[in-house]
Amino acid sequence: MKQNELQVYNTLSGRKEPFVPLEEGKVGMYVCGPTTYNYIHLGNARPLVVFDTVRRYLEYLGHEVTYVQNFTDVDDKIINKALEEKQNPLELAAFYVEEYFQDAEALNVRRATIHPKVSQHIGNIIELVQALVEKGYAYESEGDVYFEVSKFTDYGKLSKRDLNDLQAGARVEVAEQKRHPADFALWKKAKAGEPSWSSPWGEGRPGWHIECSAMSHEYLGETFDIHAGGMDLIFPHHENEIAQSEACHGSQMARYWLHNGFITINQEKMSKSLGNFFLLRDILQKFPGAVVRFYLLSTHYRSPLDFDDQKLAAAQKGLERLQTTNRLLKEAWKNNVLEEGKSGTKSEQQILAEGELTGEWLDYKIRFMEAMNDDFNTALAIAVLFELAHAINGLITAVVNEPQKKQELFLAGKLFAELTEVLGLELDSAGQKGQEELKEEIEALIEKRQEARKSKDYQLADQIRDQLKEKGVILEDTPQGVRWYFRE
RNA sequence: GGUGCGGUGGCGAAGUUGGCUAACGCUGCGGACUGCAAAUCCGCCAUUCGUCGGUUCAAAUCCGACCCGCACCUCCA
């Protein structure tokens with residue numbers, strides 16, 4: 001569907017809607033972040049990359065985005081793991097927060113505007129719980145505080161469930177102190193050895209859902225634009241957030257709810273019990289982060305995505321195609337040196353940059369945006385990128401004989417860089433940077449090979465080429481001479 | 001049982017408020033280029049979109065039935 005304006009699929013309404021921010025030019029966005037009790041797995045990586053891309057595109061459209069992503073650093077899973085490893089739970093969580101940033105960086109995921117942690121917002125949480133108790137939406141029971149679901153008439157509006165179904169389907173042990181099986185904990189009474197804080201209900205710690213209500217309110221206000229996360233969070237987590245926030249403030253919490261689809265392994269959900277659990281760390285041993293990111297974006301974010309090594313390998317090939325165009329583009333400028341401006345005059349580059357995109361080049365940009373406007377259709381956007389790359393490859397060849405096309409190439413190259421940046425695709429090969437010291441040695445070998453070729457000693461020439469290949473150096477013989485680059 | 005999602009070529013994946021030749025990538029095949037490669041370029045690879053009916057001048061796209069897969073309803077991105 002062609003769209004001139006951004007349309008977003010909203011879980012709340014179950015359909016695509018035009019995206020109109022609350023305040024023009026500004027977008028407040030909250031994304032549920034990880035519980036930091038381990039390195040992140042592939043399933044965590046998808047929302048990171050997807051919503052980072054959503055943010056980048058919103059910024060590309062000119063919005064100022066306040067992007068909030070929390071860390072759940074107080075939680076049962078953390079406490080259990082800390083007990084096992086005889087560590088302090090808060091320290092353990094802090095460790096994995098740092099590790100998280102390393103993984104995010106590998107995926108070229110930008111830092112959020114704010115990364116709040118539960119442990120630093122206990123005060124906000126207590127205030128919120130207290131307000132809910134005062135308003136009659138929550139009740140205290142033996143040191144625990146529960147949200148009384150039946151008091152909130154909109155309960156189930158996000159997940160499209162009603163309380164009666166929930167009751168029928170409930171398979172969990174019903175806690176004695178709860179008035180209704182679907183009531184959920186806002187505050188939990190402390191157990192020995194757990195991190196706890198004092199509260200009006202005694203020592204304790206927050207329940208799982210309350211943190212997001214408290215922190216989103218703190219940084220984005222009562223009503224904000226986008227709330228996002230994995231599909232599994234729709235119920236109960238996001239449903240409960242809505243109940244807490246809207247019961248307390250009497251206003252809509254988030255206007256657009258976005259949820260990414262799941263990653264499966266061999267068509268099955270990734271889970272520890274099935275033994276098909278992949279840590280991002282382990283995948284990064286085999287593939288660069290850029291490939292993982294590209295792979296995650298090659299499917300629409302709401303579709304399920306099946307993972308295996310062959311599929312990543314195919315994605316790597318595809319990404320390399322874009323990287324080749326990027327490399328060719330840089331080569332082209334090296335061979336067509338842009339003239340520096342004398343003092344007081346413009347450089348050639350500045351003059352070229354003043355041109356405007358026209359014709360087919362403008363079309364690529366429009367088609368890319370139409371794709372992204374259609375609920376962030378990154379798969380289609382990438383297809384446009386491939387077509388653009390293909391057209392640029394042709395133009396690079398043409399410009400050799402037709403220098404007047406230089407400006408066209410310059411602008412097309414700029415567009416290519418701009419659009420790949422919107423998707424956060426990294427096209428400069430990582431190896432290129434850190435291996436300057438090898439340069440002399442490599443060039444000496446290339447020189448030696450060239451001599452061998454001249455004297456038609458192709459055996460030696462091929463041997464040198466293979467030798468370099470083992471070091472990750474790829475040679476290409478072109479009419480303009482030998483071109484070489486690193487490939488991981 | 002309730003709720004939701006999906007079934008498109010060898011693989012991945014767009015397109016699904018009906019209408020140009022069913023995108024794009026990977027793989028494969030043929031050709032150009034090359035000493036050979038690599039990269040690039042040119043061309044080919046689904047009469048067909050889970051199945052069966054229906055509506056229509058026209059359907060992958062709408063309607064009905066059926067088959068299959070998955071997820072959520074319990075901690076989970």
Side-chain angles (χ1 to χ4, degrees), chain A residues 1 11 14-16 31-35 40-51 75-77 80 156 159-162 164-173 181-182 208 228-237 239 259-264 267-272 277 294-295 298-300 302-306 308 310-322 324-325 327-328 331 367 371 374 377-387 389-390 393-394 396-398 453-454 456-459 461-462 465-466 469 474-479 482-485 487:
Chain A
M1 200 194 302
T11 304
R15 64 176 63 137
K16 287 181 199 170
V31 180
C32 287
T35 301
I40 62 167
H41 59 257
L42 191 59
N44 296 306
R46 169 118 98 150
L48 290 187
V49 167
V50 160
F51 298 120
D75 178 85
D76 289 339
K77 291 193 287 288
N80 291 338
S159 55
K160 278 118 188 125
R161 282 169 227 274
D162 72 53
N164 301 321
D165 292 343
L166 286 174
Q167 194 163 20
R171 272 173 278 160
V172 258
E173 290 268 332
W208 174 37
M231 260 170 190
D232 57 327
L233 294 181
I234 295 172
F235 191 90
H237 185 56
E239 196 66 64
H259 293 99
N260 65 276
F262 260 55
I263 289 190
T264 57
Q267 319 293 330
E268 281 179 316
K269 181 176 168 173
M270 191 165 74
S271 81
K272 279 179 180 166
F277 202 74
F294 179 77
Y295 180 64
S298 65
T299 300
H300 186 90
R302 285 191 287 115
S303 302
L305 176 61
D306 196 57
D308 64 49
Q310 285 78 22
K311 285 166 187 162
L312 258 197
Q316 181 158 30
K317 290 291 200 150
L319 180 62
E320 276 169 12
R321 194 170 161 73
L322 298 178
T324 296
T325 295
R327 205 176 66 238
L328 257 27
E331 287 285 335
R367 286 171 55 212
D374 188 12
N377 191 337
T378 52
L380 225 201
I382 286 172
V384 175
L385 243 29
F386 276 114
E387 290 182 53
H390 181 249
N393 291 343
I396 287 171
T397 311
R453 289 179 73 204
K454 245 180 231 166
K456 301 211 191 290
D457 183 355
Y458 292 121
Q459 211 185 333
D462 292 352
R465 186 167 61 198
D466 290 344
K469 195 175 178 186
I474 307 295
L475 298 191
E476 291 176 3
D477 299 327
T478 76
V482 182
R483 184 157 67 209
W484 67 272
Y485 61 93
R487 179 182 291 162

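Chain letters run A, B, ... following the sequence lines, proteins first and then strands; every chain starts at 1.
- Here A:Leu42 lies out of heavy-atom contact (under 4.0 Å) with every strand.
- By the 5.5 Å and 30° criteria, A:Phe386 is not stacked with the base of B:rG25.
- Within 4.0 Å (heavy atoms only), A:Leu475 reaches at least one base atom of the nucleic acid.
- Backbone-only engagement by A:His390 is indicated by non-hydrogen atom pairs under 4.0 Å involving sugar-phosphate atoms exclusively.
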Using nucleotides 9-11 of chain B, report all nitrogen or oxygen pairs with the protein that are shorter than 3.5 Å.
none

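- In terms of polar N and O atoms assigned as donor or acceptor, the side chain of A:Asp306 never comes within less than 3.5 Å of the base of B:rG12 in a complementary pairing.
- The listed nucleotides are B:rA14, B:rA77, B:rG2; the one nearest the side chain of A:His41 is B:rA77.
- Within the 4.0 angstrom heavy-atom criterion, base atoms lie near A:Asp477.
- Here A:Glu387 lies in heavy-atom contact (under 4.0 Å) with sugar-phosphate atoms only.
- Partners of A:Asp477 under the side-chain hydrogen bond (donor to acceptor under 3.5 Å, both in side chains) rule, at least two apart in sequence or in another chain, are A:Arg449, A:Arg453.
- Residues forming a side-chain hydrogen bond (donor to acceptor under 3.5 Å, both in side chains) with A:Asp76 (at least two apart in sequence, or on another chain): A:Lys188, A:Arg205.
- Between A:Ala379 and A:Gly261, the residue anchored nearer the 5' end of RNA chain B, judged by the nucleotide with its closest heavy atom, is A:Ala379.
- No hydrogens or angles were tested; on distance alone, nothing pairs the side chain of A:Arg483 with the base of B:rA38 as donor and acceptor under 3.5 Å.
- Contacts of A:His41 classified as side-chain hydrogen bond (donor to acceptor under 3.5 Å, both in side chains), with partners at least two apart in sequence or in another chain: A:Asn44.
- Within the 4.0 angstrom heavy-atom criterion, no nucleotide atom of any strand lies near A:Thr478.
- The CG-P distance, from A:Asp462 to B:rA38, rounds to 12 Å in whole Å.
- At a threshold of 4.0 angstrom between heavy atoms, the contacts of A:Lys456 with the nucleic acid are absent.
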Base-pair string, RNA chain B, Watson-Crick plus G-U, cut-off 3.5 Å on both distances, | for inter-strand, is ((((((((.[[[..)...(....]]].(((((.......))))).....[[[[[..)....]]]]])))))))....

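- Phosphate proximity of B:rA38 to A:Thr324: absent, as no side-chain N or O sits under 4.0 Å from OP1 or OP2.
- In this structure, A:Asp374 contributes its side chain and A:Asn377 its backbone to no donor-acceptor pair below 3.5 Å.
- Residues forming a side-chain hydrogen bond (donor to acceptor under 3.5 Å, both in side chains) with A:Thr299 (at least two apart in sequence, or on another chain): none.
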Just do the side-chain contact (heavy atoms from CB on, under 4.5 Å) check on A:Arg483 and A:Leu328 with the steps written out, would you? CA-CA 10 Å; A:Arg483 184 157 67 209; A:Leu328 257 27; 3.6 Å; yes

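- Between the side chain of A:Arg465 and the base of B:rC36, a donor-acceptor pair under 3.5 Å is found.
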